[in-house]
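Please read all numbers here as calculations on a predicted model, not as lab measurements. Hydrogens, waters and symmetry mates are skipped; everything else that's a heavy atom, side chains included, is used.
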Amino acid sequence: MKKNYVFFVLLFLMQSVLVFNSAAACPARGAHGDQSLDPAGCPAYTDKTFEYERHRVWINLTNSQGLFKQILIAYVTGATNGYDHNYDAPTMDANKYADFYSISQADKLAIQGRAVPFDASDTVPLGYRSIIKGDLTISIDHADGDLDVINIYLEDKATGSLHNLKNGGYTFSTIEGTFTERFVIRYIADKKLGLHDAEKIPQHFSAASRNQIISLKSSPSALKKVSVFDITGKLLYNCPQVGTSEHEITSIQAGPQILLVKATLENEEVQTRKVLF
């Protein structure tokens with residue numbers, strides 16, 4: 001019975017992915033009190049003694065060559081922020097090219113149930129594995145409940161950027177490997193983190209690499225400080241005091257790879273660029 005119970009709980013959490021187009025899939029009206037229809041077309045039951053709360057978001061990892069991996073983060077009645085056998089499902093890691101998951105403690109989850117009431121200050125780490133070198137995109141497939149009406153931000157710790165996924169997908173560059181500390185889902189744009197919405201960053205900063213020299217230019221604001229990271233987030237270069245509109249970096253000793261340049265301008269705006277070193 002326990003296996004069947006787990007199956008039906010996970011099926012309920014994923015109901016907008018598995019859509020039944022038959023009236024037989026919905027219990028008869030009146031069996032559980034008043035009913036209202038959810039997006040899948042089946043009734044969401046309520047009665048005088050029990051109210052089921054849920055706020056869910058489905059998030060995709062894709063690329064232009066057809067890669068697709070989807071995860072679910074679900075704030076639902078009965079779940080906790082720890083591991084719940086009836087609400088959480090580990091990733092199967094069945095895709096040869098990449099895996100994508102949310103993280104709860106040490107668990108890598110394709111479905112993660114979290115406690116209600118929903119708390120906008122909550123954060124959920126994301127991780128991925130890839131044998132692909134190049135660009136991948138993280139985007140929202142769909143959402144419901146409170147997550148359908150609030151902003152959902154993706155923090156990229158490697159670049160120091162905060163992207164509002166409600167405004168579109170976030171494309172980033174990767175190398176082969178497993179990365180469990182780069183991305184975090186947030187619901188509040190916390191300016192104390194030193195992060196800025198990516199869509200609000202003015203395009204007056206450029207970074208170019210040639211012959212293992214990285215050349216930076218900024219206008220009208222001068223460069224205040226500059227850091228360079230590899231794709232795993234390792235710091236390769238740091239200059240805390242620049243004070244000019246142009247800057248060259250010649251001291252990085254590394255093979256061909258994608259590097260991330262983070263610059264703070266004199267007006268305190270943070271700019272990030274990727275370069276092929």
Side-chain angles (χ1 to χ4, degrees), residues 1-18 38-40 44-45 50-62 67-130 136 138-148 150-158 165 170 174 177-188 190 193 232-233:
M1 287 297 294
K2 183 175 181 180
K3 289 184 178 179
N4 290 338
Y5 178 68
V6 172
F7 170 79
F8 283 111
V9 168
L10 295 181
L11 178 61
F12 181 72
L13 288 173
M14 289 294 289
Q15 66 183 15
S16 292
V17 176
L18 301 175
D38 68 8
Y45 298 112
F50 181 78
E51 182 175 350
Y52 197 90
E53 184 178 351
R54 63 190 176 201
H55 315 282
R56 302 171 295 180
V57 59
W58 288 258
I59 302 175
N60 300 336
L61 178 71
T62 59
L67 173 71
F68 179 84
K69 183 69 167 64
Q70 185 176 89
I71 64 173
L72 168 63
I73 300 171
Y75 296 82
V76 293
T77 301
T80 71
N81 288 346
Y83 187 84
D84 302 305
H85 290 284
N86 293 336
Y87 293 91
D88 298 328
T91 177
M92 301 300 291
D93 197 9
N95 189 301
K96 173 182 176 181
Y97 300 100
D99 193 24
F100 183 47
Y101 42 83
S102 64
I103 300 171
S104 177
Q105 300 173 356
D107 297 306
K108 300 176 179 179
L109 303 174
I111 302 174
Q112 181 175 166
R114 295 188 69 77
V116 294
F118 170 70
D119 182 358
S121 66
D122 191 33
T123 61
V124 182
L126 304 182
Y128 72 99
R129 171 193 59 79
S130 176
L136 301 176
I138 295 174
S139 61
I140 292 174
D141 190 283
H142 62 291
D144 65 14
D146 287 353
L147 298 186
D148 188 38
I150 68 170
N151 289 329
I152 300 175
Y153 297 94
L154 180 70
E155 177 188 353
D156 185 342
K157 292 185 177 181
L165 290 174
Y170 179 77
T174 188
T178 299
F179 309 93
T180 59
E181 298 182 352
R182 179 170 179 177
F183 292 114
V184 178
I185 289 291
R186 297 182 177 275
Y187 308 103
I188 299 174
D190 188 352
L193 294 173
T232 68

Interatomic distance, OG@Ser139 vs OH@Tyr170, rounded to 0.5 Å, equals 13.5 Å

Of all heavy-atom pairs linking Gln105 and Gly82, the shortest is NE2-CA, 4.4 Å

Exactly one candidate in Ile140, Asp148, Asp144 meets side chain to side chain contact (heavy atoms under 4.5 Å, CB included) with Val57; the answer is Ile140

- Message: Side chains of Tyr101 and Asp99 only: does a donor on one sit below 3.5 Å from an acceptor on the other?
- Response: no

Of all heavy-atom pairs linking Lys96 and Arg129, the shortest is O-NH1, 3.5 Å

Report task. Mind telling me whether Trp58 and His142 have parallel, tilted or perpendicular rings, with 30° and 60° as the class edges? Result -> parallel

With Phe100 as partner, the option from Thr62, Leu67, Leu61 fulfilling side chain to side chain contact (heavy atoms under 4.5 Å, CB included) is Leu61

In this structure, CG of Leu154 is separated from CD1 of Ile138 (nearest 0.5 Å) by 5.0 Å

- Message: Can you confirm whether Asp156 sits close enough to Arg182 that some side-chain heavy atom of one is under 4.5 Å from a side-chain heavy atom of the other?
- Response: yes

Looking only at heavy atoms, the pair that brings Ala158 and Gly233 closest together is CB-CA, 4.3 Å

In short, Ser102 meets Gln112 closest at the heavy-atom pair OG-NE2, 2.8 Å

Interatomic distance, CG@Asp84 vs OG@Ser104, rounded to 0.5 Å, equals 8.0 Å

In short, Val124 meets Ile73 closest at the heavy-atom pair CG1-CD1, 3.9 Å

Closest non-hydrogen atoms of Leu147 and His55, given as atom of the first, atom of the second and distance, are CD1-O, 3.6 Å

Check your understanding: Heavy-atom count around Tyr97 OH within 6.0 Å, excluding the residue itself: above 12?
Key -> no

Item to complete: Could you tell me if the ring centre of Phe179 sits under 6.0 Å from that of Tyr128?
Response: yes

The reported gap from CG in Asp141 to CG in Leu165 (rounded to nearest 0.5 angstrom) is 12.0 Å

d(Leu109 CG, Leu126 CG) to nearest 0.5 Å is 11.0 Å

- request: Please report the C-alpha distance between Ile59 and Ile185 in whole Å, then the side-chain angles of each, then the deciding distance to 0.1 Å, and finally whether the side chain to side chain contact (heavy atoms under 4.5 Å, CB included) criterion is met.
  value: CA-CA 10 Å; Ile59 302 175; Ile185 289 291; 3.8 Å; yes

Interatomic distance, CG@Asp93 vs NZ@Lys108, rounded to 0.5 Å, equals 7.5 Å

- Query: Taking atom types as modelled, is there a side-chain donor on Tyr75 or Asp122 under 3.5 Å from an acceptor on the other?
  - Reply: yes

> Are the side chain of Tyr187 and the backbone of Asp119 linked by a donor-acceptor contact shorter than 3.5 Å?
Replying inline: no

#### Entry: Check: Asn60 side chain, Gln70 main-chain N or O, donor-acceptor pair, under 3.5 Å
no

